[in-house]
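Just so we're on the same page: letters track the sequence lines, and every chain starts at 1. Keep in mind that what you see is a predicted model, and the values were worked out from it rather than measured.
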Amino acid sequence: GQSLEQPSEVTAVEGAIVQINCTYQTSGFYGLSWYQQHDGGAPTFLSYNALDGLEETGRFSSFLSRSDSYGYLLLQELQMKDSASYFCAVLRGQNFVFGPGTRLSVLP
Amino acid sequence: DTAVSQTPKYLVTQMGNDKSIKCEQNLGHDTMYWYKQDSKKFLKIMFSYNNKELIINETVPNRFSPKSPDKAHLNLHINSLELGDSAVYFCASSQDEQGGTEAFFGQGTRLTVV
């Protein structure tokens with residue numbers, strides 16, 4: 001089987017740093033992705049890690065540890081527009097398996 | 001130019017009806033998907049097609065029938081709609097049969113069955 005776990009909700013203030021964790025159990029693992037989804041919108045791609053380590057893209061960074069089956073998304077200098085749901089997803093063969101999502105609320 | 005487009009955006013229909021959702025991608029991708037997002041926002045794979053061939057069918061009732069006339073299109077037909085089918089349905093595509101590293105999603109179709 002396959003499963004991913006994420007915290008259901010995270011709250012932070014503007015300008016802060018927040019980390020959203022993801023643990024996974026799956027076979028045939030290729031890599032870990034992160035997606036952002038605003039209310040009423042479609043999921044949009046943020047980052048992908050195939051190898052262990054940190055990938056940085058502007059204010060967002062993503063980390064993967066394959067040995068620990070663990071990854072996280074780090075959001076820096078939070079802005080109000082970052083309020084959204086964030087999903088980790090495992091790339092498994094010809095399929096993306098999504099975690100349950102973390103609702104991030106950014107407060108002024 | 002919209003990369004992955006699906007129509008309609010909203011669909012309200014009565015129980016027992018049959019409806020279709022269309023999806024087209026202009027990215028030249030080989031793989032297309034249908035996902036269902038329920039009220040708790042959980043995204044669940046329904047089908048995966050690669051070059052018009054069904055790759056994944058995840059325990060979806062056979063009232064749901066995908067059709068891929070060519071690799072740029074993956075339509076979803078639903079027979080005998082039930083209340084529990086109410087959800088947002090997303091079409092997506094990715095680069096190659098290994099899924100690429102990024103899935104591109106359509107805007108979603110909010111289906112409400114009354």
* Asked: Going by atom types only, do Ser20(B) and Asn75(B) share a side-chain donor-acceptor pair under 3.5 Å?
  -> no
* Measure centre to centre between the rings of Phe63(A) and Tyr72(A), then say whether the value is under 6.0 Å. => yes
* Kindly say whether the aromatic ring centers of Phe98(A) and Tyr35(B) come within a distance under 6.0 Å. => yes
* Relative to chain A, which segment of Phe104(B) carries a heavy atom at a distance below 4.5 Å: side chain, backbone, both, or neither? -> neither
* Asked: Which atoms of Ile45(B) come close to chain A, meaning under 4.5 Å heavy atom to heavy atom: side chain ones, backbone ones, both, or neither?
  -> side chain
* Test ring pair (Phe, Tyr, Trp, His ring centres under 6.0 Å) applied to Phe96(A) and Phe105(B), Tyr33(B), Phe90(B), the passing residue -> Tyr33(B)
* Between Pro43(A), Gly101(A), Pro100(A), the one whose heavy-atom pairs under 4.5 Å with chain B are most numerous -> Pro43(A)
